[in-house]
Structure formats: structure tokens, C-alpha cells
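Shown next, in C-alpha cells, is the structure this report addresses.
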Number of protein chains: 2
Amino acid sequence: MKEKLNANAQAVLDMVRAANNHPTASEVYDAVKVVRSHIGLASVYRILHSLVEQKYIKELRHSDDTCRYDGHISRHDHAICTECGALLDVPVDIPLTQEMLEQAARATGIELSSHELRLYGRCPACSQKQKQLLQV
Amino acid sequence: MKEKLNANAQAVLDMVRAANNHPTASEVYDAVKVVRSHIGLASVYRILHSLVEQKYIKELRHSDDTCRYDGHISRHDHAICTECGALLDVPVDIPLTQEMLEQAARATGIELSSHELRLYGRCPACSQKQKQLLQV
DNA sequence: AATAAAAGTGAGAATGATTATCATTATTAG
DNA sequence: CTAATAATGATAATCATTCTCACTTTTATT
């Protein structure tokens, strides 16, 4: 796969972009099959990888040992639920100074190209469940 | 496993603490076998999970679909090589203000309990390799 | 110590996400 | 049109992790 996306790849990309959660390969497969019924799971994996390589989408990996995909390629941060593992986009920008980042990068010796802040805590849904449990 | 660590668990904990990289379960298994030759892989997994639960160690998950373990439980940040996947500790503290974190947490609705900054870029080793390639 | 309940163990089977294989089918180039 | 090339999808293979279960060790109680 070079540059132009074929019908399968376009369908996969559309699906990942349309999803507001971060779908797994299997979820993408199920959704794309509705539109392109012949597509195979192996092709979905192949296409997802090539879309990542071409920077159309990003790969996220988290605790439930499945890869998830993100159609929002602009740099942004994530909140991760320590209870259920949900991975939420942080919709605001956290203004870290270039200085801070560079100082940290220098300390490790890496050539900094990007960064991501991860916030850990209970997500609203799990927070709610917890409260209900305490009331019983 | 309740509170006191038995000999197997202590050996696993010692190994994870002694390691300066972030060992996988399999690496822990190999290292611990030297000292406790009859320990099984299943036990290593079981012990690692309980050590995480008891907050003796932390679990890190990254791109090479293996869990890694970290004996340094105090909050710290990581640098991740985009080339080889190496996961390095950031040895300095990056002073994010409580305000910034709370604002972001509010925007997602989570009850913030911790955070982690991830820096992405080429690690020193991969950087070096790249330079040598260009010189040839 | 004697004994019973509880906890921990390890070998191997099972699981499940991801990759590799490979013959077949589109697509492109000449 | 035909040859070369890329993409496809069914299926098998891989590999980290988890499960199962009979067995051993530890603990608590007399």
C-alpha cells in the first residue's frame, strides 16, 4: 500500500475517524464488515498498521492487552481509569513549557519528538458506581 | 497471599527492585530461577500481580505487547524510544502545577489520583545508529 | 505434636490478540 | 493483451498471559 487509499483502507480510516471511543482492531473489523462484507481480519490488521505508518491514525496500547486506534492525530493527552481501564481524550491543552520538556529529555538523552500526559484516576462511570455501592 | 511475603515473593520483589531496566515477566522468571530453581512461570505471574496489588511494584505496558514491571513506586515519568521501544526512567522531576492537572482532570470528569508524563523520541542508542548509517 | 483448614505451587492445557503463510484475485505497466 | 506487482482473505502459527487442578506447604487450633 503506497499513498492512495483503496476502498478497504478508506473504509477502515473512515470508521476509526468516526468512532469517538478508541476502537480495537476487532471492533474496527466488525464495523467495517457492515460496509465491505468480504473484508478479512488479517486485512484489517494490515491496513491499520499501514495507516499508522502513514500517520493517518495513532496506535494506543493500554492495560487490557489490546491495541486501540485513534483517529485524532494532533497531539493530545489522555485520562485513564484505574478501575475499568477506559481511555479518555483530554479535551483541553495542558501548556507545558518547552523548557520543562527539554530539560527532562536532556536528562534521559533522547531526541524529543513528542510527549503525552497521562492522568490516572476513577472515571465518571466508575466513580458513580462506587458511590452507589457505599449508599447500600 | 496476604501481607508477609514468602520466599518466592521476596525473591521476585528483590529481583524487580534490583533490575535497572523494566523486566518482563519472563525475564523475572529467568532471573528468579537462578535462586529458586523450581519456581514455575505461573507462580511468577501470580506473585507479580499480587505485588502490584499490594503496591510493592508497578506495572507498565508498552508497545511490544509485554507487561513490564517497575520496582520504583514513587511517581516518575518515562521516556519512550519511538525506534526500539526502550522505556527509560526520567531521573528529574517535571514540576507540573496542581492547577494544570486539576483543570485537565475536570475537563474529563475523572477523580485524579496520579499522572505520568511520557516523552517520545529516539533514545541515545538509536540516535547513534542513525548517525552511523548516514555516514556510510 | 496432631490434625484440619487454608493458602500457595507448578506443570501443562487453554485462551485470545496478533502475525505469518500462501494460493488466489485485483491492479498497474508496458 | 500479458506480465509483473500489489492486495486480499482464509487459515494456521505464535506467543504472552491465564486457567485448571492435583499436590504440597503453612497456619491455626487443640
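Chain identifiers are assigned alphabetically (A, B, ...) following the order of the sequence lines, protein sequences preceding nucleic acid strands; residue numbering begins at 1 within each chain. Note that the coordinates shown come from a computational prediction; the quantities given were computed from them, not determined experimentally.
Set against D:dG9, D:dT17, C:dA17, the side chain of B:Thr66 has D:dT17 as its closest nucleotide. If you check C:dG8, C:dG10, D:dG9 against the side chain of A:Ala42, the one that comes closest is D:dG9. Side-chain proximity of A:Ala25 to C:dT19, C:dT18, D:dA16: nearest is C:dT18.
The two residues B:Asp89 and A:Thr108 make their nearest non-hydrogen contact at O-CG2, 3.7 Å.
A perpendicular orientation is assigned to the rings of B:His76 and B:His78, their planes being inclined by more than 60° (bins at 30° and 60°).
Taking atom CD of residue A:Glu27 and atom P of nucleotide C:dT18, one finds them 11 Å apart after rounding to whole Å. Nucleotide D:dT11 holds its P atom 15 Å from the CZ atom of A:Arg46, rounded to whole Å. Here the C1' atom of nucleotide C:dG10 and the CG atom of B:Asn6 are 14 Å apart, to the nearest Å. B:Glu59 has its CD atom 15 Å from the P atom of D:dA16, to the nearest Å. Atoms OH (A:Tyr45) and C1' (D:dT14) sit 13 Å apart, rounded to a whole Å. Note: CZ (B:Arg68) to C1' (D:dT17) measures 15 Å, nearest angstrom. For B:Leu41 and D:dA16, the CG to C1' distance is 9 Å, given to the nearest whole Å. Counting to the nearest Å, the P atom of C:dG8 and the CG atom of B:Leu51 are 12 Å from each other.
Distances shorter than 4.0 Å separate some side-chain N or O of B:His38 from OP1 or OP2 on C:dG10. In this model, the phosphate group of D:dT18 is approached by a side-chain N or O of B:His49 to a distance below 4.0 Å at OP1 or OP2.
Remark: the backbone N or O of B:Thr24 is paired with a side-chain donor or acceptor of B:Glu27 at under 3.5 angstrom.
The number of heavy atoms from other shown groups lying within 6.0 Å of CD (B:Gln130) is above 12. The environment of B:Gln10 atom CD is dense: over 12 non-hydrogen atoms of other residues, nucleotides or ligands sit within 6.0 angstrom.
Residue contacts for B:Ser43: at a heavy-atom cut-off of 4.0 Å it reaches a base atom on one of the strands shown.
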